[in-house]
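To start, the structure itself, in structure tokens.
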Amino acid sequence: MAACPSCDCQSELGFDIKMAFQPIVNVHNSDVFAFEALVRGANGEGAGEVLSRVNDSNKYTFDQTCRMTAIETAARIQLPSKVSINFMPNAIYEPETCLAQTLKTARKTGLPRENIIFEVTEHEKVENHSLLVDVFKTYREHGFLTAIDDFGEGYAGLNLLADFQPDLLKIDMKLIRNIHEDRIKKALFAAVQRAAEELGITLVAEGIETIDEYYYLKYNGVELMQGYLFQKPEVEAYTIPDFERLKR
């Protein structure tokens, strides 16, 4: 694959990474919808430590390495569902070219592209909004699912949603925390939920940590959830959550 102009994606990253996997569960049928791939260091170091080593000189290589590592690891451990991969919105130079290595890796490992979700986080300020929209459209055209992560926490927000409607909208954990006892959070979540329904977008509630958060969201129609209540991320491994322990 030829490198993009002004892009470092063919250079060495300079440090090793691994992937941890955390389930996104379907609470209505007690099944796993997908596993999110979360970057870790070679010795299990947390994402924050790994990301602190990413800069303008290696961000393209890092983004490509994360994609390939996630796909290769998911195939190797025989992940039994979809895999959701985060990408950096400012580490895409040209959508089709940057996607070529991902497609090659998926074909090589035998991982069906319809089992791959690409999600962009709101944590990083988007430098080129129109390019990000083009990236999402390119991914969809190639058969990948798309998601906006940490919705309501960061930079992209409603502006991105107005221009592109992803398959999944992952609601930031700050809105979820203790939602069952906070009338303002309840109202805000209900508004997002109504908008998502009208736009044909599936919501994912992130950061579920308590049984009360889980039951409030479940009884209010949320189907997909993710959080420590179900399972913590596991490096190069996965566990199907024990749904029986969630029953009251």
Side-chain angles (χ1 to χ4, degrees), residues 1-22 35-77 79 82-111 113 115-150 154-156 160 233 235-236:
M1 180 188 71
C4 304
S6 303
C7 170
D8 64 76
C9 63
Q10 294 296 294
S11 61
E12 292 293 328
L13 181 58
F15 57 91
D16 294 327
I17 62 169
K18 292 182 177 179
M19 285 291 159
F21 296 91
Q22 184 179 35
F35 284 87
E36 182 177 1
L38 301 162
V39 70
R40 296 291 185 265
N43 298 307
E45 297 91 342
E49 185 170 338
V50 176
L51 292 171
S52 69
R53 305 179 69 178
V54 179
N55 51 52
D56 287 341
S57 66
N58 65 9
K59 64 182 180 181
Y60 296 99
T61 297
F62 177 75
D63 188 70
Q64 288 288 344
T65 303
C66 284
R67 295 161 183 251
M68 292 185 289
T69 303
I71 293 172
E72 290 168 351
T73 307
R76 175 165 53 82
I77 67 175
L79 208 64
K82 296 177 175 62
V83 58
S84 190
I85 303 171
N86 292 276
F87 72 92
M88 300 172 66
N90 298 322
I92 306 292
Y93 192 88
E94 200 284 318
E96 285 285 354
T97 306
C98 292
L99 191 58
Q101 190 64 38
T102 304
L103 291 165
K104 180 180 178 181
T105 305
R107 286 193 297 268
K108 180 181 177 182
T109 60
L111 189 68
R113 64 182 68 182
N115 280 359
I116 299 175
I117 305 166
F118 278 112
E119 56 179 85
V120 64
T121 180
E122 284 202 305
H123 287 304
E124 185 180 4
K125 185 175 182 179
V126 178
E127 296 173 355
N128 190 330
H129 181 91
S130 61
L131 176 60
L132 178 56
V133 173
D134 287 342
V135 169
F136 266 136
K137 290 179 178 178
T138 300
Y139 289 174
R140 177 170 286 172
E141 289 169 359
H142 281 279
F144 298 105
L145 296 175
T146 57
I148 296 176
D149 193 14
D150 302 315
Y155 293 98
L160 177 57
V235 178
E236 296 189 338

Got a second to check how far [X]'s [atom1] is from [Y]'s [atom2], nearest 0.5 Å?
X: I117; Y: D149; atom1: CD1; atom2: CG; value: 11.0 Å
X: T102; Y: R113; atom1: OG1; atom2: CZ; value: 10.5 Å
X: F62; Y: F15; atom1: CZ; atom2: CZ; value: 5.5 Å
X: T73; Y: F21; atom1: OG1; atom2: CZ; value: 5.0 Å
X: F144; Y: I85; atom1: CZ; atom2: CD1; value: 8.0 Å
X: I71; Y: K108; atom1: CD1; atom2: NZ; value: 11.5 Å

Does the distance from a Lys or Arg side-chain N to an Asp or Glu carboxylate O, for D63 and K59, drop under 4.0 Å?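 Not counted as a salt bridge, because no side-chain N and carboxylate O are separated by less than 4.0 Å.
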
Under 4.0 Å between a Lys/Arg side-chain N and an Asp/Glu carboxylate O for E236 and R40?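 Between R40 and E236 there is no salt bridge, as every charged N stays at least 4.0 Å from the carboxylate O atoms.
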
Are [X] and [Y] close enough that some pair of their side-chain heavy atoms sits under 4.5 Å apart?
X: V83; Y: N115; result: no
X: H142; Y: E96; result: yes
X: T146; Y: K137; result: no
X: R67; Y: T105; result: no
X: C66; Y: M19; result: yes

How are the rings of F136 and Y139 set relative to one another: parallel (under 30°), tilted (30 to 60°) or perpendicular (over 60°)?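 F136 and Y139: perpendicular rings.
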
Between K18 (side chain only) and G41 (backbone N and O only), is there a donor and an acceptor less than 3.5 Å apart?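 No; zero donor-acceptor contacts below 3.5 Å.
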
Could you tell me whether a side-chain N or O of T109 sits under 3.5 Å from a main-chain N or O of A106, the two making a donor and an acceptor?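 Pair found, side chain donor or acceptor close to backbone of A106.
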
Could you pull out the closest heavy-atom pair between E49 and R53, with the gap in Å?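 Heavy atoms only, the tightest pair is O-CG, 3.7 Å.
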
Compare every heavy atom of N58 with every heavy atom of V54, then report the nearest pair and how far apart it is.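 In this case the closest contact between V54 and N58 is CA-OD1, 3.4 Å.
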
Working for side chain to side chain contact (heavy atoms under 4.5 Å, CB included), residues N86 and L38: CA-CA 8 Å; N86 292 276; L38 301 162; 4.2 Å; yes

